[in-house]
Q: 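Got a structure for you, written out below as structure tokens; questions coming shortly.
Count residues from 1 along the sequence. Because the structure is a prediction, the values reported are computed rather than measured.
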Amino acid sequence: MSVLVSRYNLLEEEGRQALALGEPERLQYRAEGGAYLNLRELPLEPLSEIDEDKIARLCRIVRGLAFAAVDAAQSGHPGGSSSKAEQLLTLLASGVVAFDACHPKHPGRDRMVWSAGHCTPLFHALLALVYETLRGSGVALPAEAERAAVYPEQLARFRRWGGPSGHVESHYALADTSTGSSGHGFSAGLGFAILHRSCGLDTKAFVIAGDAETEEGMSYEARNLASNLGVHNLVVTLDYNGFGIDGPITEALPSPYLNHWFAQGWNIVEVNGHNVRELAYAYRLAAREFGEARPTVVMCHTTKGVGYGRLAGTGDSHGTPLKHEEYVAAMRSLGFQIPGKQGDTAADIRVVVEALGADERDYLAERLQAAARKLTPESELVKRMETALAGRPIADYTSLARPDILPPELVFEAGDSVATRKATEAWFAWAMKHTAFFYVGAGDLMKSILTGKAESVYGIHTRENLLGRGFRFGIAEQNMAMMSTAMSQDVLPGGFRPMTAFATYGVFSPMMANAVRMTLINSAVNPRASSFFIMLAAHDGPETGEDGPTHHGLFWMSLFTAYPGIKVYKPLDANEAIEMLFHAARRGEPVVFSAVRPGTPVFRRGDGVPPASEAVNGAYVFHPFRHNGKPKKVLVVCGGQVMANVLEILPELEERSDVKIVAVTSPQLFEELRRTDPPKANEIFPDEDREYAITLHNGWRGFLYPFLLPGDYSERVFGMDAFSRSGKPDEIYRAAGFDAAGLRKKLLG
């Protein structure tokens, strides 16, 4: 009873005070993390290279250009764009960022990620200021820079066809990935920072972010991993304006905001985000790896939409343009006596550009030259990589040609039962030994998916093993995907292209879909940064039987077959898996790769059965017509176990029919073959075969729709259309009618 009473007494004020006096270490209010420094209102000495008045006047120009662009489009995001102006101008002028506006994609540049990818009024206005400055200085730009540039006159077509884009795209200068989905930039910046650090380079990754996007779960995953790995070359400049689109961030983040960074172990510098001096100090501290070896966030207290009329200081400024007459008033309050004629934004932009004085132009040009001088020659960077990665093959995935004679570990004996995950395990390990730029990880499923053999070649990437190529992401599929795909977008010094493989169960793969989608968009808008990655959808289909429907990956491919720029590969057996992985590396196009957990028959080749290499066509004739005069039946089969079950009843089928079996490994690859090599595709599956086709897939039936006549999806297409139950794989196949007996009933009645 006395113990119980004493516990209750601790809840009383007197009890808490007594405890605090007697044993103060037992009662504390604290947040533990990295180093913390508050620079707000600190009397700092001026910095010689930072002309605060000129930067302030440049910020006025940038705001004028940004507001004009938004009015022209009557669309866009003025709030966060305006509140970040001092941050971006100071960062560019600070002498911290390595960047050459004349060679904006120089491989030695620091990487820039606009996690706040909607802030394109600022992004394009900043680029317009930079390139107008160079144009006014008489600088002749190479073609590379012209492709990456924006000029003020182009802002009149902001968010219109052929004009500057609505969200950030990486073909522009000062952007290294295409963004726009909230919170994704933290993972992308982390990927760039780790990639360069793991190659012996001191490149920094700067992430431009907003406070509301830190609500995103992916940003938590990324910040945890960045802190755990001590990624000190990652710097976030955070626009802490207190608002998201719908209202204050406190509606979603009830605890003190700093706690969200303290708890994850980041170094924190707090500043007034409109104070150039404080910002310059903060960025220089961050660049010098302020505090412990951890990532740093510069927490910039700002007013959202500052200068944007009645919407300043409100969440509505996020994506709401002012009425035209209010825009005119806001511009004039900034000191721009614009004509303000609706529909003639070009005239307004000319007024803003004319306000750019020679002193400001010369100052910005000098600071851009200082940024360019920070770049290390590419040849020196290559030497650094060769030194750091000594003993490893300095080659990328483009060198991973299939050997004429496959090594023993990549060959599987016919007649054996081998899980295709064993094939991906073997190929990943082989590839890791043949390129220095291959990275592998899984969502806390390494022991099940079997990525560990590849990870162990150079070890797990940790604070102690900076050159490791394996990752422990934890259960963080979203961050895993965005970080990995961002790494694969980059081009390292020497032109080397990273390759990544990341894995989870097929049923969980849709959680990574948006990161994949963003990367595919990046490849489309910026082919120079097109990426190659392997997203391993492991334990596909009902083979993960005992786990029940939560782990049966039956329907995931319905999503990824809809995305342009990526293909789903589903090999029938282990030897096909090896051939398709080499094919993927040769093509350099992203793939979602299906692998199963239990043993699957390794098919005997020869005697009419084509070699496993035919799988790269997406479909091939596994068993031709016998031309026995009986009615034709074309079985279009996807899934190794399904094929094994079909072969079991083939003699019975041929008693009634002339049977042809087409093995399908990727409908998308086969559709491509139809376009690129029609004669070969016609040999495999001519159009007349559709009349006799019956499709069999141990998953989503729509996967094989391309092999059917339009609308003929009723009695001749078989798949698994319902959530199953727990059971051994053979039990689930039986319950779904995909065992030999069930297929006999489907095909023979």
Side-chain angles (χ1 to χ4, degrees), residues 61-82 84-85 88 104 114 116-132 135 141 143 145-175 177-182 208 245 305 307-309 311 316-328 330-331 334 336 338-354 356 517-518 520-529 564-565:
I61 299 295
V62 162
R63 285 193 173 96
L65 293 174
F67 293 168
V70 171
D71 186 69
Q74 276 301 292
S75 174
H77 299 82
S81 292
S82 184
K84 294 178 181 65
L88 269 296
W114 289 70
H118 57 284
C119 290
T120 40
L122 170 62
F123 174 65
H124 293 305
L126 180 67
L127 291 184
L129 174 63
V130 166
Y131 287 100
E132 176 64 22
R135 181 166 63 180
L141 294 179
E146 288 290 0
R147 285 192 298 267
V150 174
Y151 292 100
E153 59 270 20
Q154 294 174 293
L155 298 176
R157 292 200 55 78
F158 174 54
R159 287 185 161 230
R160 296 185 183 182
W161 191 267
S165 58
H167 279 178
V168 171
E169 296 175 354
S170 70
H171 58 89
Y172 293 110
L174 291 173
T177 186
S178 302
T179 52
S181 291
S182 199
I208 298 99
I245 299 175
Y308 201 58
L311 295 180
D316 287 341
S317 71
H318 183 95
T320 304
L322 287 170
K323 293 179 180 178
H324 180 71
E325 59 272 19
E326 293 177 317
Y327 149 76
V328 173
M331 290 287 278
L334 283 174
F336 300 115
I338 60 172
K341 183 180 178 181
Q342 195 154 15
D344 190 8
T345 305
D348 297 350
I349 290 172
R350 284 194 292 272
V351 170
V352 176
V353 173
E354 287 167 3
L356 177 61
R517 180 183 67 91
M518 292 301 299
L520 299 177
I521 291 170
N522 189 74
S523 295
V525 301
N526 185 12
R528 292 167 179 256

Q: Which heavy-atom pair separates Pro339 from Ala347 by the least distance, and what is that distance?
A: CG-CB, 4.0 Å
Q: With sequence neighbours left out, what residues match Glu146 under salt bridge (charged side-chain N to carboxylate O under 4.0 Å, His left out)?
A: none
Q: Is the distance between the ring centroids of Tyr308 and Phe67 less than 6.0 Å?
A: yes
Q: List the atom of Leu141, the atom of Tyr151, and the distance in Å for their closest heavy-atom pair.
A: CD1-OH, 3.3 Å
Q: Find out whether Glu169 and Asn526 are in side-chain contact, i.e. whether some heavy atom of one side chain is under 4.5 Å from a heavy atom of the other.
A: no
Q: Mind checking side chain to side chain donor-acceptor pair (under 3.5 Å) for Glu153 and listing every partner two or more places apart, or none if nothing turns up?
A: Arg135
Q: According to the interplanar angle, ranging from 0 to 90°, do the rings of His167 and His118 count as parallel (below 30°), tilted (30 to 60°) or perpendicular (above 60°)?
A: perpendicular
Q: Give the minimum heavy-atom separation between Ala73 and Arg159, together with the two atoms involved.
A: CB-CB, 4.1 Å
Q: List for me each residue that meets side chain to side chain donor-acceptor pair (under 3.5 Å) alongside Ser81, sequence neighbours excluded, and say none if there are none.
A: none
Q: Just jot down the salt bridge (charged side-chain N to carboxylate O under 4.0 Å, His left out) partners of Glu325, sequence neighbours excluded, or say none.
A: none
Q: What I'd like to find out is whether the side chain of Val150 reaches to under 4.5 Å of the side chain of Leu155, using heavy atoms alone.
A: yes
Q: For Ser181 and Met518, work out which heavy atoms get closest and say how close.
A: OG-SD, 3.4 Å
Q: In chain order, what residues pass the side chain to side chain donor-acceptor pair (under 3.5 Å) check against Asp316, with sequence neighbours excluded?
A: none
Q: Has Ser170 got a side-chain atom pairing as donor or acceptor with Ala175's backbone, closer than 3.5 angstrom?
A: no
Q: Quick one: closest heavy-atom pair of Ala330 and Leu322, and the distance?
A: CB-CD1, 4.1 Å
Q: Determine whether His124 and Ser165 satisfy the following criterion, side-chain contact (heavy atoms from CB on, under 4.5 Å), listing intermediate values before the conclusion.
A: CA-CA 9 Å; His124 293 305; Ser165 58; 3.6 Å; yes
Q: Measuring only between side-chain heavy atoms, which start at C-beta, is Asp71 closer than 4.5 Å to Pro321?
A: no
Q: Just verifying a value: how many Å separate Glu354 CD and Ile349 CD1, rounded to the nearest 0.5 Å?
A: 12.0 Å
Q: Could you give the distance from CG (Leu127) to CG (Leu174), rounded to the nearest 0.5 Å?
A: 5.5 Å
Q: Is there a side-chain contact between Trp114 and Leu122 in this structure, where contact means two heavy atoms from C-beta onward sitting under 4.5 Å apart?
A: yes
Q: Going by salt bridge (charged side-chain N to carboxylate O under 4.0 Å, His left out), name the residues that satisfy it together with Arg147, two or more places apart in sequence or in a different chain.
A: none
Q: For the atom pair CD (Gln74) and OG1 (Thr345), what is the distance rounded to the nearest 0.5 Å?
A: 9.0 Å
Q: Rounded to the nearest 0.5 Å, what separation is found between the CG atom of Asn522 and the CZ atom of Arg517?
A: 12.0 Å
Q: What distance separates Leu88 CG from Leu129 CG, expressed to the nearest 0.5 Å?
A: 11.5 Å
Q: Could you measure the distance from the NZ atom of Lys84 to the CD1 atom of Ile208? Nearest 0.5 Å is fine.
A: 9.5 Å
Q: With a 3.5 Å distance limit and no angle check, can you tell me whether His171 reaches the backbone of Ala529 through a side-chain donor-acceptor pair?
A: no
Q: Between Thr179 and Gly117, which heavy-atom pair has the shortest distance, and what is it?
A: OG1-CA, 3.3 Å
Q: With heavy-atom distances below 4.5 Å as the criterion, would you say the side chains of Pro104 and Tyr131 are in contact?
A: yes
